[in-house]
Amino acid sequence: MKTILNDRLALGTCVILALTAPPFAGGSPVQGAEPASAPAGGSVPAEVKLRVRADKPAGPPITRYITGKFVEHLGSNIYNGMCAQIVRNPTFGDYAFWTGGQTPDGRMRLIESESAILDHARRDGRRLDWPRDQVERLAESRQDALAHGWVKVGPRAAVRTSPDTGPHGGRAQRVEVAAAGQGIAQYLHLPLHRVRQYRYEAVIRSPDGGRLEVALSPAGAPEQAATSRTRELSAAWGLHQGLLNVDKAAPADEIYRLSITAERPGQFVIAQMFLWPMDAIDGADPDVVRLLRESRVPVLRWPGGNFVSAYHWRDGIGLPVTRPTRHNPAWGGVEPNLFGTDEFMAFCKAVGAEPFICVNAGDGTPEEAAAWVEYCNGPPDSRMGALRAANHHPEPYNVRLWEIGNELWGRWQVHWTTPRGYADRYRQFAAAMRKADPTITLYACGAPVLWGKEWNETLIREAGDVLQRTTDHPLIGGNVPASVEPLDVYRNFMAVPDILEKEWAALHGDMLAAGIRDPKLGITELQMFARLEGGGAGGAAAKLNPFNLVGNATLTEALYDTLMYHAAVRLAPFVDLVTHSATVNHGGGLRKERERVYANPCHYAQSAFAAFAGAVPVEVELTGAPAETAPTVLPDLKGKGGRVDYAGVAALAALSADGAMLISLVHRGTAGPAVVAVELMDFAAGDRAEVWTLSADVPWAANSLRDPEAVRPATSEAAVARNVLTVTLRPFSVARVRVPRR
């Protein structure tokens, strides 16, 4: 994950926190907003001819790994995203507020100013829809040593809070109350549109005995919507569980208060507090599972991303109560280590995806990585296999795909390194990991081809004898001045896949020339990144704003990703895997707000292209596509000339296993519709074709919580006569055509 500063259980299967908004959240202001300006251009349709030669294969069968996804411990991607557990900071951790900068070693610099920390606390309360009167209490509670995300119930002076220590070390929360009904609380949304029954799990002790009441109440309402009592507390730590059945009359869209209060004066110490909807699937959000499964996501890359360069996998195994809560080493906040290896495997199984693990080659060691391989793949009688079996997973996971480090060429990575330094590390890690399991597939950490030539050439030269696969992270964009035309930003992104295709082909040639047999490239992070320079202040010259800047939440990402899939297919078998960023909330994919899940446009595009898995690409001839050109405005493209140029319509065709012809079309032009006449040669076509289309009036169109289906696919049919059909495409559209064999 490219840093924003470089402009460039019994206790649940997974648990939620992340109180600070991620710097690259897909929920940009563009969602649900009216465009500041509409595209200009005529409406005279362009006449485009596409000749598909069914008898001329154009490459190997399309790999199913081309439409994968990336998962990282960033913001609300996993916690409060993929996972179903609702409470934030459920382990009462010492929350770290990040400055956005790093030390020379790549570690995050933390905010130390108390006033700045309190401002961040208030900002989180507002962002999370807390009642206005509780936002200041969130800051006050932080001053009183109550874990971030929690507030006092009762007068500030009557409820005393202090840090304490949990049953296995780490921070817990001590709460002393002067009267019954006092304690602590958190404001949160519930998925009441889906389920009304919830289970809480808490690890608590009290030297004073008594019981606690756990309740859910609509914010500002005196009545409780659901309540439960713990069993009698004791001086020893105990796991307390109960059910909360929310009254059917309770409103679904309100913010609720989860309160933990004492029935009499005294004190208690709480180490963990989880709240699970009863429809969770192995701890995962059922809506997320359903959408990812329906999209046929083939592979999931985890756990990072920048996060992995300081992640130690043993922190994330074993009983949840024994796992340490640490600062998130890359993004701030806290990492409770409640979504570890076993939880990731359970999630992959739930959505039907193959696991792909990126190991810590930052401050991790080759021995640590090799032990991780053995934990996943070793037999139960091996040292790490026995540890896995002790964690209730006796059978090996047989993880085949592994990546050695993440973006270690970047100074935002913990223990980043030089080109020669990585070649040395790669040799060490590869030897140790292959010793643990000689059958695994290893990907090296390559540098972006747009500017990482020295890194890639050094890796090929100094580790080529043990290297077959490398990677790229085309996270392209940069800061764009507000004076730029919105459509020029769009046009720049539409040119990027063509530019990268040429650069990747050159990398393929370099690897072959170095004697690497059958080289491969994995695109292990893919996403658009453009930001408004200076926050968008442009005065009278401003044309670009947060509402018309194309980004990963907009329709443009759907077109962009599909064009990347086209490039990968044409470069096959060299490009053998793509994991797009990401599953939930972190950029394009799925969004989860107020416990409701909806899809970004790119999710639909990924789902549509998954149908091409296993199909054999065939030759296509495209003529008449209108030309598009624009000045270069993305900083990451400045070295590629002063203008970008490309054909306004792009196409790919392939024969599926059932004999149908599949055609992928992208109308990336801006001037008007395109009428595409498709001629199918040497193919006995049926008389009707199925047409799936995703489009909108403007390329910055996006879905939102208010309008979750503003951009959604449409299906129709097209007549086929004498092996010819016509498809009319609006600008800013992606289409999939399926022509059955007669």
Side-chain angles (χ1 to χ4, degrees), residues 57-71 292-302 348 351-356 358 400-401 403 441 443 446 449 469-475 496-498 500-501 503-505 507-508 518-528 552 557-583 587-589 600-618 620 650-657 662-666 692 694 734-738:
I62 297 172
T63 173
R64 71 185 186 93
Y65 294 105
I66 208 170
T67 55
K69 285 286 183 180
F70 162 50
V71 179
L292 288 177
R293 179 173 281 279
E294 288 174 357
S295 75
R296 293 170 287 183
V297 60
V299 60
L300 290 175
R301 173 183 181 255
W302 170 84
C348 287
V351 302
E354 182 173 343
F356 178 13
C358 181
R400 185 175 64 87
L401 304 172
E403 186 175 356
T441 297
Y443 287 83
V449 291
R469 288 171 167 82
T470 188
T471 57
D472 191 3
H473 287 183
L475 305 175
V496 167
D498 294 354
L500 287 177
E501 184 174 351
E503 299 286 348
W504 289 332
L507 176 62
H508 184 212
D518 192 22
K520 307 289 185 187
L521 175 68
I523 313 304
T524 52
E525 291 187 30
L526 168 66
Q527 198 178 90
M528 294 168 48
N552 48 52
E557 177 87 30
L559 277 63
Y560 184 78
D561 295 345
T562 303
L563 292 167
M564 291 291 193
Y565 298 149
H566 287 194
V569 170
R570 286 190 291 267
L571 291 173
F574 177 54
V575 176
D576 71 339
L577 176 145
V578 178
T579 53
H580 176 259
S581 308
T583 49
N600 293 133
C602 67
H603 172 81
Y604 297 122
Q606 174 253 319
S607 303
F609 203 83
F612 283 78
V616 178
V618 297
V620 297
L652 180 141
L655 277 170
S656 67
L662 295 174
I663 304 167
S664 176
L665 297 168
V666 179
W692 175 100
L694 187 70
V734 57
R736 184 193 66 202
V737 181
R738 183 181 186 277

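Predicted model, so just to flag it, every value in this text is computed and none were measured.
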[atom1] of [X] to [atom2] of [Y]: how many Å apart, nearest 0.5 Å?
X      : Y      : atom1 : atom2 : value
Leu577 : Thr471 : CG    : OG1   : 10.0 Å
Thr583 : Phe70  : OG1   : CZ    : 9.0 Å
Thr441 : Arg400 : OG1   : CZ    : 4.5 Å
Thr579 : Phe356 : OG1   : CZ    : 6.0 Å
Met528 : Leu475 : CE    : CG    : 12.0 Å
Leu300 : Leu292 : CG    : CG    : 7.0 Å

Looking at every non-hydrogen atom in both residues, tell me the closest pair between [X] and [Y] and how far apart they are.
X      : Y      : value
Val620 : Ala651 : CG2-O, 4.1 Å
Tyr65  : Pro298 : CA-CG, 4.0 Å
Ala611 : Leu662 : O-CD1, 3.4 Å
Tyr565 : Ile66  : CE2-O, 3.2 Å
Gly59  : Val616 : O-CG1, 3.8 Å
Tyr560 : Pro474 : OH-O, 4.1 Å

pair [X]-[Y]: side-chain heavy atoms closer than 4.5 Å:
X      : Y      : answer
Val569 : Phe609 : yes
Asp576 : Phe574 : no
Thr562 : Ser664 : yes
Leu401 : Pro355 : no
Leu571 : His508 : no
Asp561 : His580 : yes
Phe612 : Arg736 : yes
Met564 : Leu526 : yes

Exercise for review: Return yes if a side-chain donor-acceptor contact under 3.5 Å exists between Glu403 and Thr524, otherwise no.
Suggested key: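 A pair is found: one side chain offers a donor N or O, the other an acceptor, under 3.5 Å apart.
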Check your understanding: Going by atom types alone, do Asn552 and Glu557 pair a side-chain donor with an acceptor below 3.5 Å?
Key ->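 Result is no, nothing qualifies.
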Exercise for review: With side chain to side chain contact (heavy atoms under 4.5 Å, CB included) as the test, would you mind laying out the steps for Leu521 and Asp472 before giving the verdict?
Suggested key: CA-CA 7 Å; Leu521 175 68; Asp472 191 3; 4.2 Å; yes
Practice item. Please determine if Arg301 and Glu525 form a salt bridge, counting it only when a charged side-chain N lies under 4.0 Å from a carboxylate O. Key: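 Yes, Arg301 and Glu525 are salt-bridged.
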Point to revise | Salt-bridge present (Arg64, Glu354; N to O < 4.0 Å) | key: yes
Practice item. Report yes or no: does Lys520 contribute a side-chain atom to a donor-acceptor pair with the main-chain N or O of Pro573 at less than 3.5 Å? Key: yes
Exercise for review: Mind running side chain to side chain donor-acceptor pair (under 3.5 Å) on His603 and Ser295 for me, showing each step along the way?
Suggested key: CA-CA 8 Å; His603 172 81; Ser295 75; 4.7 Å; no
Exercise for review: Decide yes or no on side chain to side chain contact (heavy atoms under 4.5 Å, CB included) for Glu501 and His566, but give the supporting numbers first.
Suggested key: CA-CA 9 Å; Glu501 184 174 351; His566 287 194; over 6 Å; no
